[in-house]
Amino acid sequence: MKPLRTRFAPSPTGYLHVGGVRTAVFAWLLARQSGGQFVLRLEDTDKKREVAGSDRHVMESLRVLGLDYDEGPDIGGPFAPYRQSERLSIYEQWAKKLIDAGRAYTDPYSAEEVQAFREQAVSQKRPFLYRNHRPDNPPVWDDTKPLRFKSDPKSYKWRDAILGDLSTGPEIIDDFILVKSDGYPTYNFAHIIDDSEMHITYLIRGQEFTASVPNYLNLYEALGLEPPVMATVPHILAPGGQKKLSKRDGAKDVLDYIRDGFLPEALVNFIASLGWNDGTEQEIFSRKELIEKFSLGRVHRSGAHFDERRLLWMNGYYIRELELDDLYEKVSNYWPPESESYAEAYKKQVLGLVQERLKYFAELPELTSLFFVDLPLDPSLITEHKQLKKLSREDLKILLKQARSSLETSVFSVADLTTRLNELIELTGQKPAVLFSLIRIATTQAAASPGLAETLAVLGKQRSLKRLDRQLSSL
RNA sequence: GGCCUCAUCGUCUAGCGGCUAGGACACCAGGUUCUCAUCCUGGCAACCGGGGUUCGAUUCCCCGUGAGGUCACCA
């Protein structure tokens with residue numbers, strides 16, 4: 001049996017978003033589960049659309065997501081080069097073969113003339129077929145005009161690994177362009193040559209290509225090449241509508257998610273789960289489990305909406321599952337600047353308190369700054385508190401003074417603080433909702449914070465009392 | 001418009017002739033001595049429509065409807 005080989009073949013025209021990465025994830029999973037190879041090939045045949053540096057960007061994206069490739073532009077491999085712009089002579093050889101076999105010819109028309117044919121067809125509400133205008137005596141190909149495939153219209157039936165049995169009639173087979181007038185091959189030509197030369201056995205790509213598959217099959221026949229297994233992955237849809245997720249909809253660069261502190265494992269789990277599941281109720285899959293359980297046969301045939309809230313939940317789940325030391329290492333670049341002078345042990349304590357509410361690392365500053373710096377007094381925390389706003393200024397002062405004198409003698413362990421706080425409840429006769437809220441607000445000046453005893457214990461005695469005093473003097 | 005594809009809660013999905021149509025996210029309510037979060041419990045919420053086939057259709061078939069893709073010297 002031939003080894004299973006898949007590829008991811010983006011054009012370097014920008015960044016990779018969740019939709020684009022999904023085909024890479026599926027191709028990678030397939031290769032890894034079978035012990036095959038995953039190949040990265042850059043389809044840089046459109047020099048006008050190319051974005052400088054995006055080749056590095058794409059490779060970096062795959063690297064940080066852990067989608068390691070076995071062969072690629074930067075690491076080479078047995079079928080190098082892996083950049084189409086460096087393979088022009090290969091396409092030229094195959095083009096000559098087709099010309100010699102009478103299966104390719106020069107397109108004598110200008111772009112404007114072809115466009116006129118096209119508009120004529122459109123105005124008659126008919127699909128445009130270039131082959132209806134196939135020239136009788138095309139000129140010899142000289143690299144200044146496009147080279148077209150001389151198709152052999154016929155019906156096709158084929159099996160798609162995801163969509164199942166597909167078929168089309170001869171009316172969609174046409175003479176498409178193989179080589180553009182600038183000398184670069186079209187995708188339609190180059191990918192077929194490359195997939196064949198690179199021994200790709202499974203071809204996973206988005207549904208925008210399904211309509212062209214019969215034309216590809218026609219070309220495979222003319223070239224005498226065996227097509228790989230085709231697998232059509234439905235699009236990931238933008239949140240609101242029914243359209244394919246795109247950069248125009250604000251689809252984020254996957255590297256931006258990484259920068260915001262999304263875990264690669266969560267991202268891959270989330271992306272793989274969009275349109276795929278293993279038939280059980282399992283939601284969280286480790287990388288290893290994904291590799292074991294993934295199958296093209298269980299990929300959905302319809303598009304799936306991208307819902308960032310689900311990604312947020314999943315990332316939070318992965319964060320909560322991390323060991324504290326591991327999490328501490330991962331968030332090292334996300335601390336607020338005020339934390340700089342604090343010791344590792346203190347920061348770890350703080351991190352332990354916020355771990356369960358952290359959805360992504362970039363939230364760390366807003367969740368933890370109260371532990372490093374005295375936040376400005378916010379009177380509205382009291383005046384708009386549904387319980388506290390009923391109390392007079394004097395009552396608040398009395399409560400805070402009682403709290404202060406009790407905490408003054410505490411050793412500020414969580415256990416001791418808990419005891420003191422309980423004693424204060426009895427002493428003051430106040431409900432926790434009143435007393436604890438007041439102390440919490442006084443010592444944090446934050447709308448939300450971790451549990452009171454835990455927060456005070458981490459803040460420490462000196463800072464806690466200082467903040468109580470500050471609140472007191474403001475009343 | 002031609003051709004191709006798709007169709008279960010708001011979202012991601014399970015289901016492959018017989019189920020009170022299950023789970024997850026989100027949302028709502030309650031509990032966890034305070035907030036936020038976590039966690040637990042409960043709740044809301046779906047088979048696009050119409051015909052068939054069948055004892056019985058979410059499931060199979062047909063026709064609609066809706067959505068998407070494609071018809072580039074872009075990939």
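In the text below, chain A, chain B and the rest are named by the order of the sequence lines, each starting its count at 1.
The same atom, C1', is picked in B:G31 and in B:A24; the two are 22 Å apart, to the nearest Å. With C1' as the reference atom, B:A21 and B:C47 are 8 Å apart, rounded to whole Å.
Of the possible donor and acceptor atoms, none in the side chain of A:Ser151 sits under 3.5 Å from a partner among the backbone N and O of A:Pro153.
For A:Arg310 against B:A24, a side-chain N or O and a base N or O form a donor-acceptor pair under 3.5 Å. A donor-acceptor contact under 3.5 Å is not formed by the side chain of A:Arg320 with the base of B:U38.
Aromatic ring centroids of A:Tyr109 and A:Phe117 lie under 6.0 Å apart. Outside the 6.0 Å centre-distance limit, the rings of A:Phe176 and A:Tyr187 are not counted as a close aromatic pair.
Among the nucleotides B:C34, B:A14, B:C12, the one closest to any side-chain atom of A:His305 is B:C12. Side-chain atoms of A:Leu274 lie closest to B:C12 of the nucleotides B:C12, B:A67, B:C73.
Between A:Arg148 and B:C73, a side-chain N or O to OP1/OP2 separation shorter than 4.0 Å is present. A sub-4.0 Å separation between OP1 or OP2 of B:U13 and a side-chain N or O of A:Asn277 is absent. For the OP1/OP2 pair of B:C71 and a distance below 4.0 Å, the side-chain nitrogens and oxygens of A:Arg126 include no atom meeting the criterion. Between B:A75 and A:Thr45, a contact under 4.0 Å exists linking OP1 or OP2 to a side-chain N or O. Using a 4.0 Å cut-off, no side-chain N or O of A:Arg301 falls inside it from OP1 or OP2 of B:U8.
With sequence neighbours left out, the side chain to side chain contact (heavy atoms under 4.5 Å, CB included) criterion links A:Pro12 to A:Asp44, A:Glu50, A:Ser54, A:Asp55.
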